[in-house]
**Student:** 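Mind having a look at this structure? Questions to follow.
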Amino acid sequence: MKSVVYWSHFTSESRSAAGQRMRAFITQLASDGQNVVVLGGGAQSQIPTWRRLLKEIWNTVRQQAGIHILSLPPYRSALIQTLLLLFLRRRLLIIDQRDIALDSASPLERCVERWLLRRSDVLIVTTHAQRREMKRRYNILPRLWIIRNGASDDIVHVPLAAPRKQPKEEKLRVLYQGLVGGKKLKDITLRLAVLGCDVDLAVFLDDWSQDEITTIRNSWSGTGNLTIHANLDALELAQLMDKADVAINPVPDHMEYAFTVKTADYAVRRLPQLAIGSRRSVTRRTVELCRLGFAIDTIDALNELTLQQAIKRFRPRTDEEIQVFRRETHASGVIDLLREIKF
């Protein structure tokens with residue numbers, strides 16, 4: 001049986017988008033007649049760090065696998081894999097780059113990104129904008145393969161609830177779902193508290209994000225309700241989306257090139273969304289051009305009018321139109337790549 005070594009900072013048990021991608025990939029690759037050896041786990045791994053590193057070294061060197069796939073970031077966590085693969089030149093290396101290293105990243109992280117790109121045989125990116133940015137940074141790149149983000153498979157397959165009702169003018173139910181870090185959730189919730197909204201935060205909660213969520217909860221002073229939903233499964237998250245009136249979709253400036261998974265998730269649940277971020281953002285342009293809601297430049301523009309605009313500008317999608325956000329999944333895209341390179 002053929003083997004693929006798949007490395008990720010996240011575990012396959014994680015309910016984050018990264019965990020969902022990994023589970024789908026492992027399942028589909030196994031059904032394709034291949035064996036997947038999963039390494040990594042980062043801070044989420046239950047194995048003590050020194051044991052995890054020794055296991056990674058042993059499996060990387062001894063595993064009879066022709067292909068190694070590294071899912072990045074974070075880059076610091078991939079240092080051991082990077083150093084090993086620099087010497088294991090006969091292994092085909094595929095970099096599955098979900099996000100680019102920040103300009104403000106440490107010199108070590110930027111070095112890891114540069115070393116991996118020089119060593120890799122194929123680089124997977126999610127948008128043409130990401131490809132252009134990587135070309136600007138490094139000029140010479142390995143073979144490029146674009147696999148666009150689509151909605152989470154688990155979310156797609158949950159049946160839709162009854163048609164969404166027109167929200168009450170006096171109180172909106174606002175949802176954010178996704179990771180905690182880097183989204184300025186405290187600032188967003190403070191704005192929503194002033195507006196009297198009911199707010200649902202469906203977040204992936206771990207040791208790193210616990211303090212920020214505690215701060216958000218303690219600073220809440222709105223007349224509406226703030227509810228924290230930690231690590232929901234697909235059914236629970238889909239049902240929560242169906243109850244919301246509008247969703248918040250913040251895009252940090254350093255992720256202008258990205259089309260986020262939550263954008264597709266909101267779309268397939270027919271949930272209007274308010275994108276917050278630069279006019280150059282791929283996510284923001286998608287929301288505006290596809291009439292998925294409304295977009296604003298900064299959190300300062302988050303108010304009752306812009307929330308209502310997101311609802312009014314949303315155009316209900318047909319099943320055929322929704323296929324645009326489902327059609328390219330990560331797992332099938334990587335498997336198509338493996339078949340094309342005749343692994």
Side-chain angles (χ1 to χ4, degrees), residues 17 98-100 125-133 136 146-152 155-156 160 163-164 166-167 169 172-179 182-185 187-189 191-192 195 197 199-202 241-242 244-329:
R98 314 309 302 177
D99 292 310
I100 297 172
V125 295
T126 59
T127 65
H128 288 286
Q130 183 178 351
R131 174 186 59 79
R132 288 193 296 270
E133 174 60 21
R136 183 190 68 79
I146 295 177
I147 302 178
R148 296 177 178 85
N149 281 331
S152 308
I155 294 290
V156 168
L160 284 169
R164 197 176 302 279
Q166 188 67 21
E169 292 286 342
L172 292 176
R173 185 167 182 177
V174 182
L175 169 72
Y176 168 82
Q177 70 96 356
L179 297 175
K183 302 300 190 296
K184 299 183 178 179
L185 284 188
D187 295 336
I188 290 172
T189 53
R191 299 284 297 187
L192 295 173
L195 299 176
C197 299
V199 178
D200 293 290
L201 299 182
M241 287 185 183
D242 293 344
D245 297 316
V246 61
I248 300 295
N249 191 353
V251 184
D253 289 342
H254 66 266
M255 292 183 63
E256 290 178 351
Y257 60 84
F259 174 73
T260 60
V261 173
K262 68 169 60 62
T263 308
D265 285 348
Y266 293 151
V268 300
R269 302 311 301 179
R270 276 72 164 181
L271 177 59
Q273 51 189 292
L274 179 65
I276 306 173
S278 165
R279 295 175 186 271
R280 297 186 298 271
S281 163
V282 173
T283 291
R284 171 174 174 160
R285 295 203 304 269
T286 302
V287 169
E288 292 178 313
L289 293 174
C290 297
R291 297 291 296 275
L292 300 177
F294 190 58
I296 55 179
D297 296 335
T298 65
I299 295 172
D300 292 338
L302 173 56
N303 54 44
E304 185 177 351
L305 176 61
T306 51
L307 288 172
Q308 290 291 349
Q309 285 278 35
I311 296 169
K312 291 176 181 177
R313 295 198 179 190
F314 175 78
R315 183 168 70 84
R317 323 305 300 184
T318 66
D319 288 340
E320 184 177 355
E321 290 171 327
I322 287 298
Q323 291 302 321
V324 171
F325 300 101
R326 296 178 181 169
R327 64 185 177 192
E328 285 192 274
T329 62

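Throughout, numbering of the chain's residues begins at 1 and tracks the sequence. Computed from heavy atoms alone, side chains included, the values below leave out hydrogens, waters and symmetry copies.
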**Student:** Tell me the closest heavy-atom pair linking Val246 and Ile311, and the distance in Å.
**Tutor:** CB-CG1, 4.1 Å
**Student:** Could you tell me whether the side chain of Leu172 reaches within less than 4.5 Å of the side chain of Gln308, counting heavy atoms only?
**Tutor:**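 Yes, their side chains come closer than 4.5 Å.
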**Student:** Taking side-chain contact (heavy atoms from CB on, under 4.5 Å) as the test, write out the residues that go with Ser281, two or more places apart.
**Tutor:**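 Partners of Ser281 under the side-chain contact (heavy atoms from CB on, under 4.5 Å) test: Val251, Thr283, Arg284.
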**Student:** Mind listing the closest non-hydrogen atom pair of Cys197 and Leu307 along with its distance?
**Tutor:** SG-CD1, 4.0 Å
**Student:** Is there a donor-acceptor contact under 3.5 Å from the side chain of Tyr176 to the main chain of Thr189?
**Tutor:** no
**Student:** Can you tell me how far the OH atom of Tyr257 sits from the CZ atom of Arg132, to the nearest 0.5 Å?
**Tutor:** 13.5 Å
**Student:** If you define the side chain from C-beta out and look only at heavy atoms, does anything of Thr263 sit under 4.5 Å from Gln273?
**Tutor:** yes
**Student:** So, taking the atom named CD in Gln309 and the one named CG in Asn303, what distance separates them when rounded to the nearest 0.5 Å?
**Tutor:**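 The distance works out to 9.5 Å.
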**Student:** Testing the basics here: between Thr260 and Asn249, what is the closest heavy-atom pair and its distance to 0.1 Å?
**Tutor:** OG1-OD1, 3.8 Å
**Student:** So, does Arg291 use its side chain to make a donor-acceptor pair with the main chain of Arg313 at under 3.5 Å?
**Tutor:** yes
**Student:** Can you see which heavy atom on Thr127 is nearest to which on Val282, and at what distance?
**Tutor:** CG2-CG1, 4.3 Å
**Student:** Please report the interatomic distance OG1(Thr298) to NZ(Lys184), rounded to the nearest 0.5 Å.
**Tutor:**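 Interatomic distance, Thr298 OG1 to Lys184 NZ, rounded to 0.5 Å: 8.5 Å.
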**Student:** How would you list, by chain and number, every residue that makes a side-chain contact (heavy atoms from CB on, under 4.5 Å) with Ala258, sequence neighbours excluded?
**Tutor:**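 With sequence neighbours excluded, Ala258 shows a side-chain contact (heavy atoms from CB on, under 4.5 Å) to Met255, given in chain and number order.
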**Student:** Is there a side-chain contact between Leu302 and Ile248 in this structure, where contact means two heavy atoms from C-beta onward sitting under 4.5 Å apart?
**Tutor:** yes
**Student:** Is the shortest heavy-atom distance from the side chain of Phe314 to the side chain of Arg270 under 4.5 Å?
**Tutor:**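 The answer is yes; the side chains approach within 4.5 Å.
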**Student:** Given the rule in the salt bridge (Lys or Arg N to Asp or Glu O under 4.0 Å) test, do Arg285 and Glu288 qualify, once you have shown the distances and angles that lead to the verdict?
**Tutor:** CA-CA 5 Å; Arg285 295 203 304 269; Glu288 292 178 313; over 6 Å; no
**Student:** Of all residues at least two apart in sequence or in a different chain, which pass the salt bridge (Lys or Arg N to Asp or Glu O under 4.0 Å) check with Arg191?
**Tutor:** none
**Student:** Given side chains that start at C-beta, do those of Phe294 and Thr306 come closer than 4.5 Å, heavy atoms only?
**Tutor:**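 Yes; the side chains approach each other to less than 4.5 Å.
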**Student:** I need the minimum non-hydrogen distance between Pro272 and Ala310, along with the two atoms involved.
**Tutor:** CB-O, 3.6 Å
**Student:** Measuring from atom CD1 of Ile296 to atom CG of Leu274, what distance do you get when rounded to the nearest 0.5 angstrom?
**Tutor:**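 Going from the CD1 atom of Ile296 to the CG atom of Leu274 covers 4.5 Å.
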**Student:** Is there a side-chain contact between Asp245 and Leu175, using heavy atoms and a 4.5 Å cut-off?
**Tutor:**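 Side-chain contact under 4.5 Å: no.
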**Student:** Are the side chains of His128 and Arg148 in touch, meaning some heavy atoms are under 4.5 Å apart?
**Tutor:** yes
**Student:** About how many Å separate NZ of Lys262 and NZ of Lys183, when rounded to the nearest 0.5 Å?
**Tutor:**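 Those atoms lie 5.0 Å apart.
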